[in-house]
Structure formats: C-alpha cells, structure tokens
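Working notes, structure below.
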Amino acid sequence: MYRSHYSKEITKTEYNSKVIVAGWVEDTRNLGSIAFLILRDKKGTLQLTILKKKIPELFEKFISLPRESVISVKGLCKENGKVRNGYEILPDSVDILSISETPLPLGVVDKVEADFDTRLDNRIIDLRKPETQAIFKIRNAVLAVAHEYLRSQSFLEIHTPKIIASSSEGGTDVFKLQYFEKEAFLAQSPQLYKQGLMATGLDRVYEIAWYFRAEEHNTRRHLNESTAIDVEMAFIKDEEDVMRILENLVHAMWKRASECTEELDILKKTVTIPKIPFPRLTYDYVVNKIQQRQSPIQWGMDFSTEDERLLGDIMKKEGIDFYFITKYPLESKPFYTMPSGDKYSRGFDLECKGVEISSGSQRIHDVTLLKERLKACNLNPQDFYAYLNAFRYGMPPHGGFGFGIERFLMELLEISNIRECILFPRDRSRLTP
Ligand code: ATP
Ligand code: MG
C-alpha cells in the first residue's frame with residue numbers, strides 16, 4: 001500500500017528513519033546541484049530535497065517530472081526547521097506511477113484564479129485544490145451529523161424511486177424520459193413516497209436524495225440536479241412539531257461545521273453557531289414589513305428573490321441569520337399543504353440570511369380534502385391515483401420538510417455560487433463533466 005492511501009501525517013517519531021510517501025508533484029525547483037520537489041497528498045504537502053551528486057540518475061528523473069505526475073518515494077525523513085512542516089525527505093528511490101500530460105488545462109497552485117467555467121470544465125483538477133476540497137470535507141461532516149441527529153430521533157433512512165409516473169409536486173419543471181413504451185419523469189422530490197410511508201407505521205423517515213428540476217432559469221442558487229435532506233413524520237399535532245426537528249437539525253449541522261477548523265482556516269471563514277429556537281415570522285408580518293420598505297408585493301404572492309433579500313437585511317440588522325416564515329397563504333403552497341382556515345396554510349419556509357434553505361408543512365391527511373385541493377390547483381386527481389391510495393386506508397396526521405444541501409452549504413460558507421457546493425454541477429448549459 002502506498003502511503004497516500006491512508007494519508008497518515010509524518011510525526012517527529014519518524015525523523016531520521018526511512019519513510020515512503022506518495023502523491024502528486026505539485027512543483028519542482030531545479031537549482032543545478034540541488035532540486036526541491038513539493039509533493040501533495042490528501043493531508044497536505046511535503047518537500048523532497050534531491051542532491052545531484054548523491055544519485056545523479058535519480059536527480060534527472062525528478063527534475064524531468066511534469067507537474068501533477070503521481071509518484072511514490074522512499075527516503076530518509078530529516079528534521080529541517082527551514083522547511084514549512086519541519087522536515088524534508090531525502091529520496092533514495094522513486095516509483096513513477098503516472099506521468100501527467102502537459103500543459104495542464106488548469107493550475108492547481110496558480111496565483112491567478114482561473115475563470116469559473118474553466119474550473120468546472122476541469123473539475124477533477126479543480127478538486128485537487130485544498131480550498132475546493134475543504135467544501136466537500138465540510139459537506140461530509142455536516143451530513144454525518146445529520147444522519148446522527150435524525151437517527152437519534154428515531155428517523156429511519158429510506159430510498160424512494162427517482163423514476164416516477166407523475167410529477168411529484170405538480171407544476172411543469174420536470175424532466176421527461178422514455179420508460180419503455182411509457183412516458184416517465186425524474187423525481188422533483190421524494191414528496192409523494194415519503195408521505196405514503198406515513199400510512200405504514202414507519203412513522204419517521206428521512207432520505208438524503210436527488211431533486212431533478214427542469215427549471216430553465218440560470219441562477220446562482222438553483223441547480224437542475226441537487227441534493228436534499230427530506231424528512232417526514234407522523235402523529236404530529238401541527239407544523240410546529242416539524243419545525244422543531246428542522247431547527248435542531250440545522251443547529252447540529254452548523255455546530256459540526258464550526259468544528260471543522262482546518263477546513264474553515266483554508267477557506268478563511270468563521271462559523272457562528274445560531275441560537276435556537278429560530279424566530280417565527282408570519283407571512284402577514286413579513287409582507288407588512290417589506291411593503292414599508294417599498295416592496296411591490298401584494299398579499300397572496302410568493303416572495304421574490306429581492307423580497308427575501310430585503311427581509312434578510314432587516315433581520316441581519318437585528319442580529320438574526322435564521323428565521324422561519326410561517327402561515328403562508330394557501331394558494332402559494334403546494335396542493336398537499338394543510339389549510340389553516342380558508343386563506344392560510346400550515347406551510348413554512350426556513351430562511352438563512354435572506355435565502356430559502358428549506359420548505360415544509362403539515363400535510364393534508366384526509367383523502368377527500370386532498371382531492372379537492374388537487375382540483376383547486378388545476379391538477380387531475382386521476383394522475384395521482386397511486387399517491388391517493390395511500391390515504392384511503394388509515395393515514396395519521398403528518399408533516400415534513402425538504403432541505404437543500406447545496407443551499408445550506410452556500411449560506412454556511414458564504415459562497416456566492418451554488419455550483420461550488422456540488423461536485424459536478426448540472427445547470428441549463430452544463431451536462432459534462
Ligand atoms: P426556490 O423558491 O428557492 O426556488 P423551492 O421553493 O422551489 O425553492 P422546494 O420545492 O421548497 O424549493 O424545495 C425544498 C428545498 O430544496 C429548497 O428550500 C431548497 O433548499 C432546495 N432546492 C429546491 N430547488 C432547488 C434547486 N433547483 N437547486 C438547489 N436547491 C434547491
Ligand atoms: Mg420552497
């Protein structure tokens with residue numbers, strides 16, 4: 001096994017002993033009689049110091065290596081206070097595992113930042129940069145704690161179909177595909193399945209899943225393929241029960257992120273843990289507040305991006321990053337949202353610094369009311385036949401939310417473009433790599 005496979009950091013106990021290290025050639029500097037090579041692996045970089053007169057053939061091999069080639073080196077680890085990490089390696093032998101082509105389409109350590117499309121076109125090389133990797137290490141850490149938290153609250157992890165017969169949410173933003181003789185769609189969310197499961201006795205479920213949305217607009221906060229944490233829970237009293245799980249989940253994830261000090265240092269970010277419970281602002285309160293600030297919004301309309309930003313600014317002044325918007329008008333929420341009186345719903349959004357990161361609600365569990373709401377939303381109950389069946393034979397009150405992972409990371413790390421937060425983004429114009 002080559003060292004970089006387990007990427008153990010070299011410690012003082014290994015000084016003056018032979019070590020094997022493997023990784024990518026980040027840079028070489030040839031000074032004639034001595035050469036320095038910077039080798040990089042998952043844990044960082046180290047310096048190889050090669051003396052020409054010691055083994056001339058080895059010296060030639062090293063200095064002719066193109067950047068980003070992969071090598072494994074055996075040599076003496078020597079303490080050296082002048083080297084950044086306190087030691088250097090004096091190689092005895094090298095295994096050249098892969099020679100990189102030149103020129104590189106993208107530099108890994110170039111001072112000048114390449115444009116974003118070049119970075120994404122060469123994502124494999126872009127992902128070699130510590131600052132790009134840091135985002136995905138933090139992503140990994142916050143998802144680990146999401147699993148931990150939800151399991152600790154007795155949620156069962158599920159996986160539901162992504163090829164489905166009718167659109168999950170209604171609406172038109174679906175990708176169609178040919179499914180043998182039939183037409184099918186890519187799931188916009190696990191909504192209909194996670195709700196169906198509430199009728200089974202598996203009464204708390206979560207899925208970390210893909211959303212496929214054929215939204216045509218190209219924005220900084222929408223992807224056509226994104227990931228989310230979806231939660232559904234039964235026997236709730238109202239949407240408050242759902243909001244409590246969501247705020248605790250967000251709190252746990254934010255806190256875990258604040259502990260990723262190495263990665264946050266690389267990204268030059270600090271993360272302040274928010275206080276829970278998050279404030280609950282009603283839709284009516286928000287409309288009033290932003291109308292006073294010249295928003296053209298009328299009661300019943302959904303908030304525009306600009307409205308959300310305006311509210312974000314108002315809340316920021318009060319020192320609040322996270323807040324729920326509750327009691328939305330019924331007409332602005334999907335058909336499955338539980339009404340509250342004639343005009344309002346039990347739907348809510350969780351906002352972070354003026355950007356929606358999650359939407360949820362108490363759902364309708366009465367099949368007659370559900371059919372009525374489908375019709376009121378100009379959807380045909382026939383198209384939702386399989387979904388409606390789940391409500392016919394005993395369905396408890398329930399609710400849940402969908403919570404976008406890339407949106408969350410974007411707000412957490414104050415990254416302006418959501419494409420940074422997913423390995424291989426899919427947008428209107430990008431299908432490769
Ligand atoms: P928005 O209004 O911001 O477009 P939405 O209300 O259409 O979002 P929901 O259907 O409520 O989105 O989805 C739940 C969550 O999933 C959102 O709050 C967001 O975090 C995330 N999400 C939804 N659509 C996208 C997308 N196209 N790209 C990235 N994340 C998304
Ligand atoms: Mg929403």
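Note that ligands are numbered from 1 as they come in the structure, with each ligand's atoms numbered from 1 the same way. The first residue in the sequence is number 1, and the count goes up from there.
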If you measure from OG1 on Thr132 to CZ on Arg119, what distance do you get to the nearest 0.5 Å?
5.0 Å
Around ligand 1, what residues show up once you keep those with a heavy atom under 4.0 Å from it?
Tyr211, Arg213, Glu215, Arg221, His222, Leu223, Ser226, Glu356, Ile357, Ser358, Ser359, Gly402, Gly404, Arg407, Ile418
Could you count the protein N, O or S atoms found under 2.8 Å away from the Mg ion (ligand 2)?
2
Less than 6.0 Å separating the ring centroids of Phe303 and Tyr283?
yes
Can you say whether the rings of His217 and His222 are parallel (under 30°), tilted (30 to 60°) or perpendicular (over 60°)?
perpendicular
Between Phe278 and Phe324, how do the two ring planes meet: parallel, tilted or perpendicular, split at 30° and 60°?
tilted
Any carboxylate oxygen within less than 4.0 angstrom of a Lys/Arg side-chain nitrogen, looking at Lys162 and Glu225?
no
I'd like to know if Glu157 and Arg151 make a salt bridge, using a cut-off of under 4.0 Å between side-chain N and carboxylate O.
yes
Does a donor on one side chain sit under 3.5 Å from an acceptor on the other, for Gln195 and Tyr387?
yes
Do Ser345 and Arg373 have side-chain atoms, one donor and one acceptor, less than 3.5 Å apart?
no
Arg139 side chain vs Leu409 backbone, donor-acceptor pair below 3.5 Å:
no
